[in-house]
Peer 1: 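Have a look at this one before I ask anything.
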Amino acid sequence: MNVRVRYAPSPTGLQHIGGVRTALFNYFFAKSQGGRFILRIEDTDQTRFSPESLQDIYDTFDWLGIREDEGPRNGGDFGPYIQSERLEKYRIAAEHLVKEGQAYHCFCSPERLETVRQEQVKAKSSNQGYDRACRNLSPDEIEKKHAQGMSSVIRLKVPLEGETSFSDVVLGTVVRKNSDVNPDPVILKSDGYPTYHLANVIDDHEMAITHIMRAQEWIPSGPLHVILYKAFGWTPPIYAHLPMVMGSDGQKLSKRHGSTSLVDFRKQGYLPEAIINYISLLGWSFDSEREFFSRQELETLFYIEGLQKSPAVFDYKKLRWFNGHYIRNLTDSMLSVAILPSLVDSGLVSSTPSKSEVEIIEQSLPLARERLVLLNEAPEVIGFLFKEELDYETSALVPKGLNEQQTREVLGKIANEIDNLLNGSPEDAEAWFHETAEKEGRKLGQLMMPARIAITGTKASPPLIPSIRLLGREKSVTRLEQAQAKLAPIGD
RNA sequence: GUCUCCUUCGUCUAGUGGUUAGGACACCGGGUUUUCAUCCCGGCAACAGGGGUUCGAGCCCCCUAGGAGAUGCCA
């Protein structure tokens with residue numbers, strides 16, 4: 001079979017975890033099967049459409065490194081790929097169904113519908129939904145209402161009896177009584193636009209889609225769509241309903257739980273590699289051992305049987321862990337490119353970095369790499385290399401067991417030693433600290449910590465000696481002196 | 001309210017009638033280490049409950065409970 005799958009987002013908001021996972025799974029399935037991945041824009045809700053959302057879809061794809069084989073950007077033989085450009089097809093199809101007696105015009109006002117709905121809820125009625133008031137309007141009545149200029153929608157005539165089933169790759173066969181299917185949903189709105197149900201069925205058929213992979217929230221619509229396919233005399237594609245992505249409280253993942261949009265993750269310094277790897281493991285697994293997958297590997301390894309039935313909880317901590325892992329795997333040049341924006345944004349480095357800035361960044365990479373979980377943390381990890389002024393509490397300088405004066409002496413001693421610390425080997429420098437500590441009956445930390453605070457401004461920092469070397473003689477001495485000045489003067 | 005789907009460690013999962021129920025994150029402890037990290041080692045921790053079927057059930061069937069989703073002129 002020539003696999004053709006699609007991702008069909010509606011441009012009404014930013015791309016989020018759930019949607020992206022659907023896109024990825026479709027993409028991976030297509031690639032692994034040698035099939036085609038189609039991007040279709042479902043902009044049938046004119047009130048919620050936004051151009052930024054459309055752009056965000058493309059940006060997200062680009063950032064993740066996935067590319068559609070067919071879509072609005074690169075065309076294809078089945079276009080147009082934007083539903084608002086296919087209006088005529090839907091209208092004709094809907095009218096065709098009306099003519100065939102499989103759909104009908106409905107003149108109910110939104111207000112009436114709302115009243116009906118409220119009454120049903122209040123009465124805890126067992127069948128909620130449209131009451132099919134217009135289902136059996138006579139041709140005369142319909143004509144009369146049209147003549148009066150009443151606007152109408154077209155509703156699908158869902159069979160009152162019997163049942164409808166579809167086969168699903170992950171769920172098996174799903175059967176539903178027709179009486180339980182959404183009672184006569186609108187397929188063509190009064191503004192002439194189709195609803196999702198109509199547009200998606202027509203497009204999937206016309207675009208020769210072979211498999212529909214979408215989230216499980218669509219299961220209830222499955223039978224409805226099958227009824228639509230039958231009404232047109234078409235064969236439905238194969239379904240694969242993906243388990244939903246939940247928040248930590250078991251509810252559908254939403255902003256309440258934290259960041260969900262891909263731009264957010266991107267801004268926070270997540271790598272696309274980490275996102276792809278982690279997201280792919282939400283509701284899918286390869287085997288019991290393997291957990292690292294590149295995009296390229298997934299393009300061949302993905303298999304539909306690895307799909308899970310039960311919902312998956314999105315675990316921010318595990319995503320972070322993946323991100324740290326991928327950061328550690330970055331080459332120096334990739335890492336320096338990756339952290340530059342955060343350094344620029346925080347004002348530490350000029351937007352067109354000077355040669356010396358670039359040099360410092362590059363040399364700091366070995367120190368930064370294993371301390372970063374998010375790219376955005378770069379400023380706090382290596383920011384001291386670029387700052388003019390350090391900001392810390394004087395009390396932080398003083399280690400346990402020493403008073404201010406002793407601390408000042410320690411700092412002075414280190415300042416005096418600076419040339420040797422810089423010129424000798426790092427091992428020699430380290431040895432000096434050990435020897436000095438021993439000679440003076442002090443703990444190593446009592447020498448290192450004051451210096452660390454003085455040099456980096458924080459007690460959690462990259463290793464001291466390399467940090468001093470990176471900072472350079474002049475700044476190091478200055479900082480050690482500034483630190484001494486902060487402490488109580490001699491004779492105090 | 002009705003319908004549908006789901007149910008293995010806290011989380012993601014492996015498991016397809018016979019396993020000490022495996023791995024990963026998180027957490028806890030230890031080691032390496034100048035702090036923080038990284039890295040290494042170890043530990044804690046699960047088959048929702050109840051009935052069957054079977055010589056034998058996490059795996060098959062039924063019921064119960066719990067969770068989620070749908071129920072729009074939104075997708």
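Just so you know, these numbers come straight off a predicted model, no measurement behind them. Proteins come first, then strands; the chains are lettered A, B, ... in the order of their sequence lines, and each starts at number 1.
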Peer 1: Which value, in whole Å, describes the distance between the P atoms of nucleotides C59(B) and G50(B)?
Peer 2: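 Those two atoms are separated by 12 Å.
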
Peer 1: Which residues in residues 6-16 of chain A have at least one heavy atom lying under 4.0 Å from any atom of RNA chain B?
Peer 2: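 Correct list: Ser10(A).
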
Peer 1: Do you know which of Asn200(A), Asp45(A), Asp43(A), Asp203(A) makes side-chain hydrogen bond (donor to acceptor under 3.5 Å, both in side chains) with Gln83(A)?
Peer 2: Asp203(A)

Peer 1: Can you say whether the rings of Phe302(A) and Phe25(A) are parallel (under 30°), tilted (30 to 60°) or perpendicular (over 60°)?
Peer 2: tilted

Peer 1: So what does His197(A) hit on the nucleic acid, given a heavy-atom distance under 4.0 Å: a base, only sugar-phosphate, or nothing?
Peer 2: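 Nothing: the residue His197(A), judged by heavy atoms under 4.0 Å, touches no strand.
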
Peer 1: Under a 3.5 Å limit for both distances, which nucleotide forms a Watson-Crick or G-U wobble pair with A57(B), could you say?
Peer 2: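 A57(B) is unpaired by these criteria.
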
Peer 1: When we call it a touch if two heavy atoms are under 4.0 Å apart, what does Tyr196(A) touch: a base, just sugar-phosphate, or nothing?
Peer 2: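 The answer is base, as Tyr196(A) lies within the cut-off (heavy atoms under 4.0 Å) of a base atom.
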
Peer 1: Which of these nucleotides, A24(B), A26(B), U2(B), is closest to any side-chain atom of Ser126(A)?
Peer 2: U2(B)

Peer 1: Looking across every strand, which nucleic acid part, if any, lies under 4.0 Å from Ser190(A) by heavy atom: base, sugar-phosphate, or nothing?
Peer 2: base

Peer 1: Contact list please: residues 160-185 of chain A against RNA chain B, heavy atoms, distance less than 4.0 Å, in numerical order.
Peer 2: Leu171(A), Arg176(A), Asp180(A)

Peer 1: May I ask you to verify whether the side chain of Lys318(A) and the base of A24(B) hold a donor-acceptor pair under 3.5 Å?
Peer 2: yes

Peer 1: Quick one: side-chain hydrogen bond (donor to acceptor under 3.5 Å, both in side chains) partners of Ser10(A), sequence neighbours excluded?
Peer 2: Thr12(A)

Peer 1: Say whether, by atom type as modelled, one donor and one acceptor occur between the side chain of Lys189(A) and the main chain of Thr44(A) under 3.5 angstrom.
Peer 2: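 It does hold such a pair.
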
Peer 1: With a 4.0 Å limit, can you tell me whether Gln308(A) has a side-chain N or O closer than that to the phosphate oxygens OP1/OP2 of C6(B)?
Peer 2: no

Peer 1: I'd like the P distance from A45(B) over to C9(B), given in whole Å.
Peer 2: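 Going atom to atom, P in each nucleotide, I get 14 Å.
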
Peer 1: Does the protein touch nucleotides 35-49 of chain B at the base, only the backbone, or not at all? Give it as B, S and - per nucleotide, heavy atoms under 4.0 Å.
Peer 2: BBBSS----------

Peer 1: Could you please name the option among C12(B), U7(B), U34(B) that lies closest to any side-chain atom of Leu281(A)?
Peer 2: C12(B)

Peer 1: Could you tell me whether Lys189(A) contacts a base, only the sugar-phosphate backbone, or nothing, with contacts defined as non-hydrogen atoms closer than 4.0 Å?
Peer 2: base

Peer 1: Asp45(A) near the nucleic acid: base, sugar-phosphate alone, or nothing, with a heavy-atom cut-off under 4.0 Å?
Peer 2: sugar-phosphate

Peer 1: Do Arg371(A) and Glu377(A) meet the salt-bridge criterion of a basic N to acidic O distance under 4.0 Å?
Peer 2: no

Peer 1: Keeping His225(A) on the side-chain end and Gly222(A) on the backbone end, is there a donor-acceptor pair under 3.5 Å?
Peer 2: no

Peer 1: Give one of base, sugar-phosphate or nothing for Val186(A), where a contact means two heavy atoms less than 4.0 Å apart.
Peer 2: sugar-phosphate

Peer 1: Across all strands, who's sitting opposite G42(B) as a Watson-Crick or G-U wobble pair, both distances under 3.5 Å?
Peer 2: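 Partner of G42(B): C28(B).
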
Peer 1: With sugar-phosphate meaning primed atoms plus P, OP1 and OP2, does Pro311(A) contact a base, only sugar-phosphate, or nothing at under 4.0 Å between heavy atoms?
Peer 2: sugar-phosphate

Peer 1: Can you give me every donor-acceptor pair (side chain of residues 170-178 of chain A, partner residue at least two apart or in another chain, under 3.5 Å) with its distance?
Peer 2:
| residue | atom | partner | partner atom | Å |
| --- | --- | --- | --- | --- |
| Arg176(A) | NH1 | Pro220(A) | O | 3.0 |
| Asn178(A) | OD1 | Glu163(A) | N | 3.4 |
| Asn178(A) | ND2 | Thr164(A) | OG1 | 2.5 |

Peer 1: Determine the contact category for Leu282(A): base if any of its heavy atoms lies under 4.0 Å from a base atom, sugar-phosphate if only primed atoms, P, OP1 or OP2 are that close, otherwise nothing.
Peer 2: sugar-phosphate

Peer 1: Base, sugar-phosphate, or nothing: which does Gly324(A) touch, judged by heavy atoms less than 4.0 Å apart?
Peer 2: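 If one applies the 4.0 Å heavy-atom cut-off, Gly324(A) turns out to touch nothing in the nucleic acid.
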
Peer 1: Mark yes or no: Arg155(A) above the aromatic ring of Tyr130(A), with NZ or CZ under 6.0 Å from the six-membered ring centre and no more than 45 degrees from the axis.
Peer 2: yes

Peer 1: Can you check whether Arg48(A) has a side-chain N or O nearer than 4.0 Å to OP1 or OP2 of A75(B)?
Peer 2: no

Peer 1: Taking the C1' atom of each, how far is U19(B) from G31(B), in whole Å?
Peer 2: 32 Å

Peer 1: Ignoring backbone atoms, test whether Thr44(A) places a side-chain nitrogen or oxygen under 4.0 Å from the OP1 or OP2 oxygen of A75(B).
Peer 2: yes

Peer 1: Send over the distance from Gln216(A) CD to A70(B) P, rounded to a whole Å.
Peer 2: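 In whole Å, A70(B) P and Gln216(A) CD are 12 Å from each other.
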
Peer 1: Could you tell me whether Lys413(A) and Glu409(A) make a salt bridge, using a distance below 4.0 angstrom between a side-chain N and a carboxylate O?
Peer 2: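 Result for this pair is no, no salt bridge flagged.
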
Peer 1: If you go through the side-chain atoms of Gln128(A), does one of them form a donor-acceptor pair with the base of G1(B) closer than 3.5 Å?
Peer 2: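 Present.
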
Peer 1: Under 4.0 Å, counting only non-hydrogen atoms across every strand here, what does Arg155(A) touch: a base, just sugar-phosphate, or nothing?
Peer 2: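 Counting heavy atoms under 4.0 Å across all strands, the contact made by Arg155(A) is with sugar-phosphate only.
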
Peer 1: Aromatic rings Tyr316(A) and Phe265(A): how do their planes relate, parallel, tilted or perpendicular, breaks at 30° and 60°?
Peer 2: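 Ring orientation of Tyr316(A) relative to Phe265(A): parallel.
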
Peer 1: Does the ring of Phe322(A) carry Lys317(A) above it, NZ/CZ under 6.0 angstrom from centre and within 45° of its axis?
Peer 2: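 No, cation not above the ring by the 6.0 Å, 45° rule.
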
Peer 1: Mind listing the side-chain donor-acceptor pairs of residues 395-402 of chain A below 3.5 Å, one per line with the distance, residues two or more places apart or on another chain?
Peer 2:
none

Peer 1: Would you classify Gly445(A) as touching base, sugar-phosphate or nothing, given that sugar-phosphate means primed atoms plus P, OP1 and OP2, and contacts are heavy atoms under 4.0 Å?
Peer 2: nothing

Peer 1: Kindly point out which of A14(B), G69(B), C5(B) is positioned nearest to the side chain of Met244(A)?
Peer 2: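 Of all the options, the side chain of Met244(A) is nearest to G69(B).
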
Peer 1: Are Phe166(A) and His241(A), when compared by the centres of their aromatic rings, separated by less than 6.0 Å?
Peer 2: yes

Peer 1: For the C1' atoms, the ones on G43(B) and on G58(B), what distance do you get once it is rounded to whole angstrom?
Peer 2: 24 Å

Peer 1: Between A46(B) and A21(B), how many Å separate the two P atoms, rounded to a whole number?
Peer 2: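 These two P atoms come out 12 Å apart once rounded.
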
